[in-house]
Amino acid sequence: MSAVLQPSVAAERKSFYDRIGRSNVTPLWEVLHGLITPTPNTPCKPYLWKWEQMWPWIQEAGRLITAKEAERRVLVLENPGLRGRSSITHSLYAGLQLILPGEVAPAHRHSQSALRFILLGRGAYTAVDGEKVTMSVGDFVITPSWTFHDHGNPSDEAMVWLDGLDVPLVELLDAQFMEKGPEETQETHFTQGDNLAQFGNTMKPVEYRARGRTSPLFWYPYDRTREALGVMAQGRDPHACWGHKLQYTNPVTGSWAMPTIGTFMQLLPGGFRGKEYRSTDSTVYAAVEGSGRCRVGDETLSFGPRDVFVCPAWLPYRLEADQDAVLFSFSDRPVQQALDLWREAF
Ligand code: GTQ
């Protein structure tokens, strides 16, 4: 356009933009097509973090700083398209947290919601508002918004989990609050049997009153999830795109387990060759069992246990499995659905 523009007109426009710009005013027509795009224009890129590369660095971090000193000893997984922003997708944060035997990560609370997905070890705990759960590989654990939480590892093994938080989303909305706990570790009782008994059996205590949208069940043990997927895989055909896939729910409402982060577990049967899929929620995957590939854009991300990878919004991808593969995943789907923005295509 500017090639055919008369130099005098171009100069007049420029001078106009400069004058109004000094008062914080700008012409829409110069930016419109970058703002309102035909399809999502995410800065998020596909990427794979291999466990075999991460594990030595996690151990090195363990030698360099204590959990107490760091407050949270986490290596942040930064999307290559979002460097410097502590983001794995445009709306979500992810990191690998290490807690060594005998360590404590002190209590704090924040308005950001957090999930833990356990990658390595067993026997460390997280305490949420005075209730403590011990975690094992494959468990999904929720820390609801504004609940005090500390982590500790009384076991004799290192424990590593994937943290997923809605940090960038809460930042976008300027709704961040955070405070340290009155004590480093909370007075707690172990609760997991009790929590699962109350909310993990398609029943709830009659006196239960919800305090928010987050699931009152905050520990989803892997053995139950894995068994469910195994039974489904015996009795039915896999979906052409996603195999056998379950979403974690709040058992009281039937809705998402967390208000801002959708969480899923899926089984891809051995030999599975998924059809192309895309959705507007950029998705973080963590492999639990088996191995396979995600073909996304012109890349092939080959995953095995404990690898983490990300599929950006609206970019078509296909999932493949060698042996039975189990994948945990999370995204901002609940937020998009609440706002009538979510789309998928396959
Ligand atoms: O465990 O509370 O990865 O507050 C980042 C911020 C973990 C946590 C993270 C956090 C936490």
Side-chain angles (χ1 to χ4, degrees), residues 49 51 54-55 57-59 61-62 64-79 82-100 103-121 123-135 139-154 158-173 175-186 188 214 218-220 257-261 263 284 286 306 308 310 328 330-332:
W49 291 265
W51 174 257
M54 295 306 299
W55 177 226
W57 291 339
I58 293 168
Q59 290 171 295
L64 289 171
I65 192 163
T66 62
K68 192 171 164 177
E69 196 185 351
E71 191 159 332
R72 297 292 185 266
R73 192 206 285 113
V74 179
L75 295 182
V76 178
L77 305 181
E78 273 195 338
N79 192 282
L82 293 159
R83 292 308 310 273
R85 312 247 313 251
S86 304
S87 301
I88 191 161
T89 70
H90 212 183
S91 59
L92 297 174
Y93 157 103
L96 297 176
Q97 179 157 178
L98 168 69
I99 182 150
L100 290 168
E103 285 192 317
V104 166
H108 69 196
R109 64 176 173 177
H110 35 73
S111 45
Q112 293 86 354
S113 297
L115 68 85
R116 328 282 168 196
F117 185 70
I118 315 312
L119 298 178
L120 181 77
Y125 66 82
T126 189
V128 176
D129 270 352
E131 298 188 68
K132 210 178 225 177
V133 289
T134 298
M135 305 177 287
D139 294 357
F140 159 56
V141 177
I142 300 173
T143 309
S145 171
W146 209 239
T147 52
F148 280 112
H149 52 284
D150 54 84
H151 318 299
N153 187 353
M159 180 110 179
V160 179
W161 62 75
L162 177 67
D163 280 322
L165 284 85
D166 50 12
V167 171
L169 182 69
V170 176
E171 185 183 23
L172 173 73
L173 301 172
Q176 312 96 316
F177 294 91
M178 189 272 197
E179 64 186 28
K180 297 206 175 190
E183 267 108 41
E184 252 178 27
T185 53
Q186 309 175 60
T188 49
T214 306
F218 58 91
W219 176 60
Y220 295 75
M258 303 170 72
T260 52
I261 310 181
T263 48
V284 180
R306 303 189 186 95
V308 177
V310 57
F328 173 79
F330 65 94
S331 76
D332 62 14

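Positions are given from 1 along the sequence. Numbering of ligands and ligand atoms starts at 1, following listing order.
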(request) Identify, for atom 6 (C) of ligand 1, the protein heavy atom at the shortest distance, and state residue, atom and that distance. (result) Leu165 CD2, 4.0 Å
(request) May I ask you to identify the nearest protein heavy atom to atom 7 (C) of ligand 1, giving residue, atom name and distance to one decimal place in Å? (result) Asp163 OD2, 3.3 Å
(message) I'd like to check which ligand 1 atoms, numbered from 1 as shown, lie under 4.0 Å from a non-hydrogen atom of His110.
(response) 2 (O), 4 (O), 10 (C)
(message) At less than 4.0 angstrom from any non-hydrogen atom of Val74, what atoms of ligand 1 do you find?
(response) 3 (O)
(request) For His108, counting its heavy atoms only, list the atoms of ligand 1 lying under 4.0 Å from any of them. (result) 2 (O), 4 (O), 8 (C)
(request) Would you please classify the geometry between the Phe330 ring and the Phe328 ring as parallel, tilted or perpendicular, with 30° and 60° separating the classes? (result) tilted
(request) Among all protein heavy atoms, pick out the one at the shortest distance from atom 5 (C) of ligand 1; state its residue, atom name and that distance to 0.1 Å. (result) Tyr93 OH, 3.4 Å
(message) Within this structure, what is the NE2-CZ distance for the pair His90 and Arg85, rounded to the nearest 0.5 Å?
(response) 4.5 Å
(request) Heavy-atom distances under 4.0 Å are what count here, so tell me which part of Gln97 touches ligand 1: side chain, backbone, both or neither. (result) side chain
(request) Answer side chain, backbone, both or neither: which part of Arg116 comes under 4.0 Å from ligand 1, heavy atoms only. (result) side chain
(message) To check you understand the geometry: which heavy-atom pair defines the closest contact between Glu183 and Ala107, and what is its length?
(response) O-CB, 3.5 Å
(message) So which atom in Gly164 and which in Ile261 form the shortest heavy-atom distance, rounded to 0.1 Å?
(response) O-CD1, 3.9 Å
(request) Using a cut-off of 6.0 Å, state whether more than 12 heavy atoms not belonging to Glu71 lie near its atom CD. (result) yes
(message) Which residue and atom name correspond to the protein heavy atom nearest atom 11 (C) of ligand 1, and how close is it?
(response) Arg72 CG, 3.7 Å
(request) Taking all heavy atoms of Gln112 and all of Phe177, pick out the closest pair and write down the distance. (result) OE1-O, 4.0 Å
(message) Treating Arg72 as the side-chain partner and Gln97 as the backbone partner, does any N or O pair qualify as donor plus acceptor under 3.5 Å?
(response) no
(request) Give the numbers and elements of all ligand 1 atoms closer than 4.0 Å to a heavy atom of His151. (result) 1 (O), 8 (C)
